[in-house]
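Quantities reported herein were computed from a predicted structural model and do not represent experimental measurements.
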Amino acid sequence: EYDTYASTVKPENVRLQLFLSAKEGMEMISGDIGSAYLNAYTKEKIWTRLDAGFGPDLDGKLARIIKALYGLKTSANVWYFHLCDSLREMGFKQCKLDSAIWYRLREDESQYDYFSHHVDDFLLSGDTNIKKWIDTLELSYTITGKGEPKYHLGHDIDKIHKHCYKLGSRTYVKNALDKVKRILNVDTIQGPIKKAQIPYKTEFHPELDKTELHDEKGTNDYQKLAGIAQWITSLGRADLNFPVNQLARYNAAPRTGHTQDMIQMFAFLNKWTDRYLITEGKTEPDFIKDLKVTEMPPPNHLKEYYKDSSFEDLKDRPIPKGKPVIITIFVDSSHANMKDNMQSVTGILIFVGDMLIKVKSKRQKHVESSTYSSEFSALREAVEDGLATRLLLQSLGVPIQGPVRIYCDSKSILDSATNTDGILNRRHVVIAYHVTREAYAIGLVKLYHIAGEDNPADHLTKGLEKIKFFKH
């Protein structure tokens, strides 16, 4: 059995690297390693029979393939390890939580340089001497397109100044819209709602659609549209996560009405092509100070219930360097939003400093019997995501300021999670209950109550009318 896996950097970690560059005022260089696979050698013995293109003397003879040719199953894997070996020789260490991100302590021990890669594309962040790493790589590889990043893995990157970057997806979106037109065989993308102010119908429930099922071609076209939309959401378009999550359910058997919903979403993109994220490398998002929130009381005697509990930080983690950051999470849930099976939907926004790193809009796996239980399941997932983000930052040597801050609009579950004398009468949420209370009791998270209309995660759980949609 052949090993074919090759790690590639996650889009959210590209955003994290961009934030770290802004926070510390780093220089950045991106580039492409030419004919990357051909630098590596196959591990297996692979034979082929040559044809007349190799000349009359070799025509019909057997030859062994030793280079990792494009098209071989194991080529991506051996190239990945070849690049890893090169980075280790340069003194870089591999991140424990994303094996496609690397860090290296500078000679003056003031900060780390970072290197991320996606097959043959890379992004390098460091001090003013960053070019020395490019020079070292060029001793082994041919590097093209090297320079300050303007377009990287679908992200448009605009440098405002050394501590401020604008991250968008307009180039990819424009190219995607052209591809959508070709798939649909139309000159303009016109959704059912002509002005396309929002990406879906206000009463958006594709699970209730009873229109005709697509034939094979229609299904293939729908799957192409869904794939394009899913990649756009991975580039930071949080405004599309909810409809994309809902419509991707029907890839196997889409209906004509689902295609109309998909077209409506692309019509919205056609109108709002250039929406973007901005980071100035700040400790937390600026809009936090404008929110009316209530911090839940300190755990106090709650610690006695979990006095044997602890959170094991990452072992052998790099020494934290640079300015500390705050992890901020907004969480919401829409109980029984799915009208066909009554599943609830969880929405989560994760910020590191002032950069939106990760967005989640997903159906809960189990059917919850009440709003209370669906909200507690969502809060538990937010706690787990917060602790995972904490470990990720530790693995990159990023100092963390205080506990993870989680904002939720359900006062009842926040009271249950923080009340010392609270008694759980609903055994079906016991795990979510104790995971949340334990993290709160030992100081890993702080919990805040936020009004539902102010919760930016609200649009990830349900269809909203225009005014509410743009508020978030």
Side-chain angles (χ1 to χ4, degrees), residues 4-11 13-18 20-22 26-42 65-92 94-95 98-104 112-159 162 165-176 178-179 228 231-232 234-236:
T4 60
Y5 176 75
S7 179
T8 56
V9 66
K10 299 175 182 176
N13 290 340
V14 173
R15 293 192 285 277
L16 177 59
Q17 184 178 354
L18 192 75
L20 296 177
S21 300
M26 298 183 192
E27 299 292 326
M28 289 200 300
I29 296 178
S30 64
D32 178 271
I33 298 175
S35 302
Y37 286 5
L38 300 183
N39 291 286
Y41 291 84
T42 60
I65 298 174
I66 60 172
K67 287 277 190 172
L69 300 181
Y70 286 83
L72 297 180
K73 289 184 178 181
T74 60
S75 292
N77 175 266
V78 293
W79 156 244
Y80 165 74
F81 284 105
H82 191 280
L83 179 60
C84 289
D85 290 340
S86 297
L87 292 172
R88 288 192 182 95
E89 289 175 4
M90 294 162 59
F92 280 86
Q94 199 167 31
C95 171
D98 187 335
S99 54
I101 300 182
W102 300 70
Y103 63 92
R104 187 187 192 282
Y112 297 97
D113 294 339
Y114 296 101
F115 185 101
S116 63
H117 54 93
H118 189 287
V119 190
D120 54 359
D121 295 303
F122 67 84
L123 182 63
L124 177 63
S125 304
D127 60 11
T128 53
N129 296 322
I130 190 175
K131 192 177 181 299
K132 65 184 177 184
W133 303 126
I134 300 297
D135 294 339
T136 303
L137 285 172
E138 287 188 312
L139 296 176
S140 303
Y141 308 119
T142 300
I143 297 179
T144 61
K146 58 181 180 291
E148 187 175 283
K150 300 295 184 183
Y151 184 77
H152 182 67
L153 300 180
H155 296 93
D156 290 294
I157 302 174
D158 296 321
K159 183 177 182 180
K162 71 175 185 177
Y165 287 89
K166 185 171 78 170
L167 185 69
S169 54
R170 60 184 179 275
T171 301
Y172 182 85
V173 169
K174 288 179 179 178
N175 292 335
D178 289 337
K179 188 173 182 179
I228 293 170
W231 184 251
I232 290 174
S234 75
L235 298 177

**Asked** Would a distance-only check, ignoring hydrogens and angles, find a side-chain to backbone donor-acceptor pair under 3.5 Å from Gln94 to Ile101?
**Response** no
**Request:** Please list, chain by chain and in numerical order, all residues satisfying side chain to side chain donor-acceptor pair (under 3.5 Å) with Ser7, sequence neighbours excluded.
**Result:** Ser99
**Prompt:** Quick one: ring-ring contact (aromatic ring centres under 6.0 Å, His included) partners of Tyr165, sequence neighbours excluded?
**Reply:** none
**Item:** Side-chain ion pair, Asp178 and Lys174, N-O less than 4.0 Å
**Value:** no
**Item:** Test item: side-chain donor near acceptor, Tyr141 and Ser86, under 3.5 Å
**Value:** yes
**Message:** Over 60° means perpendicular and under 30° means parallel, so tell me whether Tyr37 and Tyr70 are parallel, tilted or perpendicular.
**Reply:** parallel
**Message:** Under a 3.5 Å cutoff, is there a donor and acceptor pairing between the side chains of Asp156 and Thr171?
**Reply:** yes
**Prompt:** Taking the inter-plane angle between the rings of His82 and Trp79 on a 0 to 90° scale, is it parallel (under 30°), tilted (30 to 60°) or perpendicular (over 60°)?
**Reply:** parallel
**Asked** Taking it one step at a time, do Tyr103 and Phe92 satisfy ring-ring contact (aromatic ring centres under 6.0 Å, His included)?
**Response** CA-CA 5 Å; Tyr103 63 92; Phe92 280 86; 8.5 Å; no
**Request:** Please tell me if the side chains of Thr42 and Val78 come closer than 4.5 Å, counting only heavy atoms from C-beta onward.
**Result:** no
**Item:** Ion pair check, Arg88 and Asp85, cut-off under 4.0 Å
**Value:** yes
**Message:** Is the shortest side-chain heavy-atom distance between His117 and Leu83 below 4.5 Å?
**Reply:** yes
**Asked** Is Arg170 salt-bridged to Asp158, cutoff N-O under 4.0 Å?
**Response** yes
**Request:** Kindly indicate, with the supporting measurements, whether the criterion salt bridge (charged side-chain N to carboxylate O under 4.0 Å, His left out) is fulfilled by Glu27 and Lys162.
**Result:** CA-CA 8 Å; Glu27 299 292 326; Lys162 71 175 185 177; over 6 Å; no
**Request:** Give a yes or no on this: more than 12 heavy atoms of other residues, nucleotides or ligands lie within 6.0 Å of atom NZ of Lys179.
**Result:** no
